[in-house]
Amino acid sequence: MTSYAAPVRDMRFVLEELLGHASLSLPAFAETSPDLVEAVLEEASRLAGEVWAPINRSGDIQGCRLEEGAVATPDGFADAYRAFAEGGWNGIGVPESLGGQGLPEVVASAVQEMWHGANMALGLCPTLTACAIEALALHGNESQQTLFLPRLIDGTWTGTMNLTEPQAGSDLSRVRTLAIPEESHYRLKGQKIFITWGEHDVAENIVHLVLARMPGAEAGNRGISLFLVPKYLVNDDGTLGVRNDIVCASLEHKMGIHGSPTCTLNFGENEGAIGYLVGEAGRGLHHMFTMMNSARHKVGIQGIGVAERATQQAFTYAADRQQGHAPKTRGGESCAISDHLDVRRMLLSMRGRTDAMRALALYCAAQMDMAHHGDDNATRQAAQATVDVLIPVVKGFSTDQAVEIASLGIQVHGGMGYIEESGAAQLLRDARIAPIYEGTNGIQALDLAGRKLQRDGGKAMTMLIDAVEATAAELQADDALHAQGKTLAAAAADLRQATAVLVEQGADADKGADAVQAYATPFLSLAGHVLCAWQMGRAALKAQAAVQAGHTDTFYHDKLASADFALRQWLPVGRAQRAVIDAGMETLLEYQANRAFS
């Protein structure tokens, strides 16, 4: 496996040139300068490349071990995590008022990609902690925030989300874990499965956020509450007390992310695990989804990180591997496989898609900054509406694409890609989980086509389409970029028409739910292609301006090439989803009626 180098140059391009460091103009980040952001990116890149990345492969081979209820992580993981925590990286996006670094979410997201590109299995640990911090900051009481937040923020303790049970996967209304009131706390009894980093040896305590029901709570979602259940109880002075009644019953043997312990946790095998109610009783799902939306954006970032590493590895291998002869137009000499046009097609596809997804994810993160810190309520609401539409796209589309990109990486390697020693296969195995957890991508599609589009009649999506069309017009006004602009304009029209179909069909009292289910996945794919291509169109405009101004940095020429590929060869593939939508849901209903498919 080749080394990993964080894509700092492209991240700076997105932050500085595409986004114009818009987040830094907000009063909340008045003391954050572009120079500071650059220094943060460079230092995070060093830790990711020199400390985290080298143990990615060994962590995959060694995996985690469960011995008498305790989990041992792969060699080097604990030291790498401690270096991360001691560097203050765990609190990079947490407000200074809570003890964090107080940097914009857009910067935190860029840095997060580095951890997952370097070592996705290890990167999952602080990702879950960040979600726990957000939930407690918003819904925890003063005592919970005082005792738990400082150590979660500095990384001394880690956090988890405990949702899934054997009978309650995507349908959380089936949660059965019981929380019995006892004085100032509760005793939890039940089992949670697929708990990422649910037990480990890299930190001294683990703070579990657990969905459970109180006795007599109503059935369904409204009867679910959220509880804070620490691995070790915490004394009033913040010191650790006795071990709580939580047992890691088993570790899953997974397809990938072997260095990440995925646990089955039993709560209350004896007297019951002590837990504390977070927020309001019966509002557990609401409180959990506060951090779920953030988690979904982070999962999209995970996919982009793995896609970046797969792309880097494919480029390195293709440049080194000597095989065959160059095209006649280039002399016909023996050459590296990167000179073969079909290999070059794959490499351009990997690079263009990865850059496009990064730009869209960071655009979404910048909108998060605006939604939290905008100057007025109207600005914040508009930004939040944009975030709500983009989250399922960033999560669903980026992770689907990451799997395809990692698979292309294997193809570039040829037979060597299928051999584990090359490391290309690990990236595909690791990436494959991301379309599944934090809400499968089918659920992301239903969220976009159903809840998000229907609640405002497609207004937020339409505003994004307006922006896409504006970029298309700018491209068409430039002779060198006219063809790319024409393609983007046609794709924007497809997305506008598809949005209208979804809004109209979804509002149908009789067939609305069926329509949303039938159209959701092709619609999310179409939206992802168009919105990512939009970002590459914007990138092409910036790069073209730089070239015309005489900049000699080859980065801009490379960006023009990847943008051209994304707009003229990748985007047409996405536009084909419009034809799927046009086919209507009747075809799927016919399939459903054919019992041979049941």
Side-chain angles (χ1 to χ4, degrees), residues 1-4 48-49 51-84 112-129 158 160-161 164 192-203 206 248-265 295 298-299 301-310 312-313 399 402-403 405-407 409-410 413 416-438:
M1 175 178 282
T2 59
S3 60
Y4 166 79
V51 180
W52 281 41
I55 58 174
N56 187 47
R57 177 69 178 147
S58 59
D60 178 68
I61 295 170
Q62 185 178 10
C64 298
R65 305 177 305 282
L66 177 63
E67 299 171 356
E68 297 182 356
V71 171
T73 54
D75 294 343
F77 271 44
D79 289 340
Y81 176 79
R82 279 192 288 271
F84 166 89
Q112 186 198 356
E113 184 197 318
M114 299 184 192
W115 312 136
H116 292 289
N119 192 324
M120 179 179 169
L122 181 54
L124 283 165
C125 180
T127 296
L128 272 296
T129 302
T158 65
T160 71
M161 292 193 295
T164 308
K192 297 291 183 178
I193 63 173
F194 302 155
I195 307 306
T196 303
W197 284 85
E199 165 63 23
H200 59 77
D201 58 1
V202 308
I206 306 172
C248 179
S250 66
L251 280 181
E252 301 299 338
H253 301 282
K254 307 184 297 292
M255 175 180 177
I257 53 169
H258 295 154
S260 170
T262 302
C263 306
T264 294
L265 296 182
K298 289 174 170 58
V299 172
I301 295 285
Q302 289 171 20
I304 297 164
V306 177
E308 174 62 37
R309 186 160 193 171
Q312 289 186 21
Q313 184 159 334
T399 55
V403 172
I405 290 166
S407 181
I410 291 177
H413 283 71
M416 284 302 300
Y418 204 66
I419 305 301
E420 284 289 351
E421 284 78 2
S422 72
Q426 180 192 342
L427 299 176
L428 177 59
R429 291 188 286 100
D430 286 353
R432 191 57 189 86
I433 185 58
I436 298 173
Y437 58 18
E438 306 305 345

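We count residues from 1, following the sequence as given.
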Point to revise | Shortest non-hydrogen contact from Ala203 toward Thr158 | key: CB-CG2, 3.7 Å

Practice item. Answer yes or no: is there a donor N or O on one side and an acceptor on the other, between the side chain of Asp430 and the main chain of Ile257, under 3.5 Å? Key: yes

Point to revise | Residue list, salt bridge (Lys or Arg N to Asp or Glu O under 4.0 Å) with Lys298, at least two apart or on another chain | key: none

Review point. Has the side chain of Arg309 got a donor or acceptor atom that lies under 3.5 Å from a matching backbone atom of Ala118?
Key: yes

Point to revise | For Trp197, side-chain hydrogen bond (donor to acceptor under 3.5 Å, both in side chains) partners two or more places apart | key: Ser260

Point to revise | Atom of Val71, atom of Pro261 and distance for their closest heavy-atom approach | key: CG1-CB, 3.8 Å

**Study point:** For Arg65, all residues meeting side-chain hydrogen bond (donor to acceptor under 3.5 Å, both in side chains), sequence neighbours excluded
**Key:** none

**Study point:** Which atom of Pro435 lies closest to which atom of Val403, heavy atoms considered
**Key:** CG-CG2, 3.8 Å

Review point. Does Ser407 have any side-chain contact (heavy atoms from CB on, under 4.5 Å) partners at least two apart in sequence or in another chain, and if so, which?
Key: Leu428

Practice item. Indicate the atoms forming the closest heavy-atom contact of Asn119 with Phe77, along with that distance. Key: ND2-CZ, 3.7 Å

Practice item. Give the intermediate values and the outcome of side-chain contact (heavy atoms from CB on, under 4.5 Å) for residues Leu124 and Tyr437. Key: CA-CA 12 Å; Leu124 283 165; Tyr437 58 18; 3.3 Å; yes

**Study point:** Whether Glu199 side chain and Cys263 backbone form a donor-acceptor pair below 3.5 Å
**Key:** no

Exercise for review: Show your reasoning for whether side-chain contact (heavy atoms from CB on, under 4.5 Å) applies to Leu122 and Trp115.
Suggested key: CA-CA 8 Å; Leu122 181 54; Trp115 312 136; over 6 Å; no

Point to revise | Rounded distance [0.5 Å steps], NE2 in His116 versus CD in Glu308 | key: 14.5 Å

Point to revise | From CG (Leu251) to OG1 (Thr262), nearest 0.5 Å | key: 8.0 Å

Point to revise | Value rounded to 0.5 Å, distance of CG in Leu128 from OG1 in Thr196 | key: 5.5 Å

Point to revise | Side chain Thr129, main chain Cys125, donor-acceptor under 3.5 Å | key: yes

Point to revise | Salt bridge flag under 4.0 Å for residues Arg57 and Glu421 | key: no

Exercise for review: Would you give the length of the straight line joining atom CD1 of Ile193 to atom OG1 of Thr164, rounded to the nearest 0.5 angstrom?
Suggested key: 6.0 Å

**Study point:** Nearest non-hydrogen partners of Ala424 and Gly417, listed with the distance
**Key:** CB-O, 4.1 Å

**Study point:** Check: Trp52 ring centroid to Phe84 ring centroid under 6.0 Å
**Key:** yes

Practice item. Quick one: pull up CD in Gln426 and NE2 in His258 and give me the separation to the nearest 0.5 Å. Key: 8.0 Å

**Study point:** Spacing of CZ belonging to Arg432 relative to OG1 belonging to Thr399, to within rounding of 0.5 Å
**Key:** 8.5 Å

Point to revise | Test side-chain hydrogen bond (donor to acceptor under 3.5 Å, both in side chains) applied to Thr160 - qualifying residues, sequence neighbours left out | key: Asn162, His208

Review point. Who are the side-chain contact (heavy atoms from CB on, under 4.5 Å) partners of Ala83, not counting sequence neighbours?
Key: Leu47

Practice item. Would you check if the side chain of Gln313 reaches a backbone N or O of Ser422 as a donor-acceptor pair within less than 3.5 Å? Key: yes

Practice item. Taking all non-hydrogen atoms of both residues into account, name the closest pair between Pro74 and Gly63 and its distance. Key: CG-O, 3.3 Å

